[in-house]
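Quick caveat: nothing in here was measured; it's all calculated off a predicted structure.
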Amino acid sequence: MANHKMAVGRADEFSGYEKAASSRYRLARFSIFLDLIASIPAMGRPLRILDVGGVEAYWHDKRRLISRPVEITLINLDGEGLAKPGLVFLKGNACHMPELADNSFDVIHSNSVIEHVGQWSSMMSMANEIRRIAPSYFVQTPYYWFPIEPHARTPLLHWLPESLKFRLVMSRKCGPYWSKAETVDDAMRTIQSSTLLDRSMFSALFPDATIVPEKVFGLTKSLMAVRNKYAAAPKT
């Protein structure tokens with residue numbers, strides 16, 4: 001969905017979501033990405049990282065964890081941000097990035113974006129672009145079978161039929177990001193702004209990756225697709 005407002009991430013949601021990015025769970029997730037980039041050989045230049053749907057706030061506490069020179073390019077729908085050393089902002093759509101050549105980046109990072117781009121065909125388009133633009137990648141998405149909906153922060157909400165979900169969203173604010181909807185149209189747009197994936201679906205999007213589960217209290221909270229050109233992929 002090229003016009004979907006969440007096609008490559010919405011800055012207000014992601015910046016708010018990442019205020020807790022230093023939590024041990026998110027840092028443990030990021031350590032998998034650190035292992036991935038550590039395996040990429042030195043190239044006599046900064047490592048080129050493309051963050052698909054990323055925002056600058058996400059990297060505030062993470063750039064210092066990377067022990068080598070990097071150039072991070074953030075691509076999203078608004079392309080907002082002032083260029084800084086090692087940080088580039090691009091305006092673009094995650095599902096269609098013809099301005100980026102094949103293998104023009106060393107590694108791609110994408111955190112909690114693919115579930116927002118629309119229905120299956122849009123997800124497949126984004127996955128194919130990621131697989132085309134870099135030989136290695138790290139893509140994370142919330143897991144459908146985790147019992148708490150990650151955006152509304154409401155137990156079991158995502159398992160309800162839409163006929164019940166939109167009524168709930170019209171009756172109350174759900175979590176930090178879903179405001180109480182004033183109309184049915186607003187409510188439907190809210191509940192359809194994300195489509196959570198299970199493992200089989202995620203594996204079909206990234207068939208050349210290892211799917212790594214993120215566990216919380218023994219339950220899978222999110223899934224990570226990791227393709228590593230230079231070393232054996234992480235074990236599940």
Side-chain angles (χ1 to χ4, degrees), residues 1-30 51-62 74 76-81 93-95 110-120 122-123 126 139-198 201-202 213-224:
M1 293 177 64
N3 294 323
H4 198 292
K5 68 182 178 181
M6 286 299 299
V8 285
R10 191 176 64 194
D12 58 344
E13 175 169 328
F14 276 84
S15 60
Y17 185 75
E18 290 303 334
K19 286 178 181 177
S22 61
S23 71
R24 64 188 180 95
Y25 292 117
R26 293 196 179 98
L27 289 178
R29 178 195 305 168
F30 192 71
D51 188 347
V52 178
V55 294
E56 183 180 358
Y58 177 85
W59 294 95
H60 280 167
D61 64 336
K62 296 182 177 66
L74 309 176
N76 51 56
L77 285 177
D78 55 33
E80 293 180 353
N93 189 308
C95 300
S110 187
N111 185 75
S112 294
V113 174
I114 198 166
E115 70 273 13
H116 292 293
V117 299
Q119 296 303 308
W120 182 256
S122 297
M123 294 183 188
M126 176 178 168
V139 180
Q140 181 271 348
T141 192
Y143 183 50
Y144 176 80
W145 291 110
F146 189 69
I148 299 175
E149 204 290 329
H151 310 96
R153 304 287 174 87
T154 303
L156 313 182
L157 174 63
H158 51 305
W159 296 344
L160 298 176
E162 287 189 345
S163 58
L164 294 179
K165 284 195 286 188
F166 91 84
R167 287 180 168 84
L168 180 62
V169 174
M170 291 189 71
S171 69
R172 49 168 284 191
K173 174 180 171 66
C174 296
Y177 311 124
W178 285 11
S179 300
K180 179 180 177 181
E182 299 299 326
T183 67
V184 172
D185 181 65
D186 289 340
M188 290 301 296
R189 289 178 184 273
T190 295
I191 65 174
Q192 292 181 351
S193 66
S194 63
T195 302
L196 301 184
L197 299 166
D198 69 10
M201 297 163 72
F202 200 47
E214 176 190 22
K215 298 283 188 177
V216 175
F217 301 119
L219 299 176
T220 298
K221 180 178 181 290
S222 74
L223 301 171
M224 293 161 280

Within the structure provided, determine whether [X] and [Y] are in side-chain contact (heavy-atom separation under 4.5 Å).
| X | Y | result |
| --- | --- | --- |
| H151 | S193 | no |
| F146 | L196 | no |
| F202 | Y144 | no |
| L157 | W178 | yes |
| W120 | M201 | yes |
| Y58 | L74 | no |
| L77 | N93 | yes |
| W159 | P147 | yes |

Once rounded to the nearest 0.5 Å, what's the spacing between atom [atom1] of [X] and atom [atom2] of [Y]?
| X | Y | atom1 | atom2 | value |
| --- | --- | --- | --- | --- |
| T141 | H116 | OG1 | NE2 | 7.5 Å |
| N111 | D51 | CG | CG | 8.0 Å |
| E162 | L168 | CD | CG | 13.5 Å |

Does a donor on one side chain and an acceptor on the other come within less than 3.5 Å for K215 and T220?
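Note: K215 and T220 side chains meet the donor-acceptor criterion.
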Backbone of S112 reached by a side-chain donor or acceptor of Q140 within 3.5 Å
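At least one qualifying donor-acceptor pair exists.
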Between K173 and G175 (side chain of the first, backbone of the second, donor and acceptor by atom type, cut-off under 3.5 Å), is there such a pair?
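It does hold such a pair.
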